[in-house]
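Since this is a predicted model, take the numbers as computed values, not measurements.
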Amino acid sequence: APLPTNIVAGNVPVTLTRKQRSGSSGQKQERKPTSAKPSSKKAKKDEEVAAATQDIRGFFSVTGRRRTSAQKQKDRDEEIARVVRSNEDPATLERFDAGEKGRGVKASQAFQRNDFVCEYAGVMMSPEEGRRKEEKYDVDPDRFGSYVFYFRFRERCYCIDATAESGRLGRLINHSKKHANIAPRPVEVDGKPRLVFFALRQIQLGDELLYDYGDRSKISVIENPWLKS
């Protein structure tokens with residue numbers, strides 16, 4: 001079944017009319033049939049050459065047309081929206097055991113700079129509700145961990161809570177201040193903000209995906225020494 005879209009097309013009835021030319025009396029003038037004169041061999045040859053030339057020009061006018069940057073960006077945005085609507089991660093990512101950091105995510109194919117990587121999927125809520133959730137999670141950090149993500153989009157603050165185990169991989173991507181190769185960026189899909197990751201540079205097959213959490217608190221660094229890296 002096709003994925004839902006925020007574009008609604010309506011059926012608009014269109015009537016096409018062809019005007020007839022009439023004489024002074026308003027009656028339709030009829031032409032007397034005329035006998036066509038047989039064309040010479042040279043005339044036929046000229047007609048064939050002209051037709052072939054027209055076909056060639058038409059071919060190159062279509063196949064040689066280049067897509068503009070705006071068209072390419074539109075195609076790219078539509079593909080990102082399609083993946084986000086599917087609520088599934090691309091097959092370009094793989095979960096693995098990252099040692100002291102716990103679970104991690106690595107690339108199962110190469111990415112170029114500015115390529116879409118995946119979504120940070122979770123429950124969208126207000127920042128106030130997000131802070132209440134964090135207070136609850138802090139009571140038992142070994143059980144819940146920290147998966148609450150705050151971000152701004154169009155002068156408004158939002159929060160995504162990805163604490164619940166969902167099978168989505170964006171929530172498992174680890175931190176690196178020095179070696180980050182992806183970055184989060186809000187996008188709008190069907191009128192709602194979604195948080196996705198884009199590649200900061202070229203990423204090779206098998207590279208671990210990393211981004212800067214932005215957490216510089218002393219307590220976090222003491223509890224998670226790898227945040228310094």
Side-chain angles (χ1 to χ4, degrees), residues 80-81 83-90 92-108 111 115-201 203 206-229:
I80 292 171
V83 175
V84 169
R85 289 190 193 106
S86 73
N87 293 317
E88 295 180 356
D89 291 315
T92 54
L93 310 177
E94 181 182 345
R95 188 177 72 178
F96 76 106
D97 183 355
E100 65 173 343
K101 294 185 289 186
R103 294 171 293 181
V105 180
K106 61 183 178 180
S108 56
F111 290 93
D115 278 355
F116 167 75
V117 177
C118 68
E119 180 186 10
Y120 190 87
V123 180
M124 186 73 71
M125 59 186 63
S126 67
E128 294 75 20
E129 187 176 356
R131 282 188 282 272
R132 289 193 294 270
K133 291 281 188 179
E134 280 194 295
E135 291 175 359
K136 173 185 174 182
Y137 300 151
D138 287 344
V139 175
D140 192 355
D142 292 334
R143 177 184 176 187
F144 293 107
S146 180
Y147 298 89
V148 180
F149 202 125
Y150 300 91
F151 67 99
R152 292 181 65 86
F153 180 66
R154 295 185 177 175
E155 306 304 320
R156 289 187 60 183
C157 292
Y158 296 89
C159 176
I160 296 178
D161 182 6
T163 302
E165 290 287 345
S166 62
R168 301 298 299 272
L169 298 179
R171 63 188 291 275
L172 302 180
I173 298 175
N174 286 315
H175 160 88
S176 179
K177 179 181 177 182
K178 299 177 181 179
H179 306 292
N181 52 17
I182 63 173
R185 188 188 307 170
V187 297
E188 184 176 357
V189 177
D190 299 336
K192 298 179 181 180
R194 306 287 282 261
L195 194 63
V196 301
F197 292 104
F198 289 92
L200 290 174
R201 52 180 171 79
I203 300 173
D207 285 354
E208 181 179 5
L209 300 179
L210 303 164
Y211 73 98
D212 187 355
Y213 287 4
D215 188 353
R216 306 288 188 261
S217 66
K218 291 183 179 180
I219 295 177
S220 295
V221 173
I222 291 173
E223 293 180 349
N224 305 282
W226 49 268
L227 286 173
K228 297 179 181 179
S229 63

_Non-neighbouring partners of R103 that pass salt bridge (Lys or Arg N to Asp or Glu O under 4.0 Å), sequence neighbours left out_ = E165

*Which residues pass the salt bridge (Lys or Arg N to Asp or Glu O under 4.0 Å) test with R168, sequence neighbours left out?*
D89, E119

*Check the angle between the aromatic planes of Y211 and F149 and answer parallel, tilted or perpendicular using the 30° and 60° thresholds.*
parallel

*asked:* According to ring-ring contact (aromatic ring centres under 6.0 Å, His included), who are the partners of F116, at least two apart in sequence or on a separate chain?
replied: none

*With sequence neighbours left out, write down each residue that passes salt bridge (Lys or Arg N to Asp or Glu O under 4.0 Å) with R156, or none if nothing qualifies.*
none

*Quick one: list whatever passes side chain to side chain contact (heavy atoms under 4.5 Å, CB included) with A183, sequence neighbours left out.*
L200

*Partners of D140 by side-chain hydrogen bond (donor to acceptor under 3.5 Å, both in side chains), sequence neighbours excluded?*
none

_R95, CZ atom: more than 12 neighbouring heavy atoms under 6.0 Å_ = no

*Considering only heavy atoms from C-beta outward, does the side chain of F153 approach that of V187 to under 4.5 Å?*
no

_Residues that D138 engages under side chain to side chain contact (heavy atoms under 4.5 Å, CB included), provided they are two or more places apart_ = none

*salt bridge (Lys or Arg N to Asp or Glu O under 4.0 Å) against R152, all qualifying residues, sequence neighbours excluded*: E155

*With sequence neighbours left out, write down each residue that passes side-chain hydrogen bond (donor to acceptor under 3.5 Å, both in side chains) with Y147, or none if nothing qualifies.*
none

*Return the set of residues passing side chain to side chain contact (heavy atoms under 4.5 Å, CB included) with F96 (not counting sequence neighbours), or none when no residue passes.*
A98, K106, E208

*Residues in side-chain hydrogen bond (donor to acceptor under 3.5 Å, both in side chains) contact with E94, at least two apart in sequence or another chain*: none

*For K133, what residues pass the side chain to side chain contact (heavy atoms under 4.5 Å, CB included) criterion, not counting sequence neighbours?*
M125, E129, Y137, D161

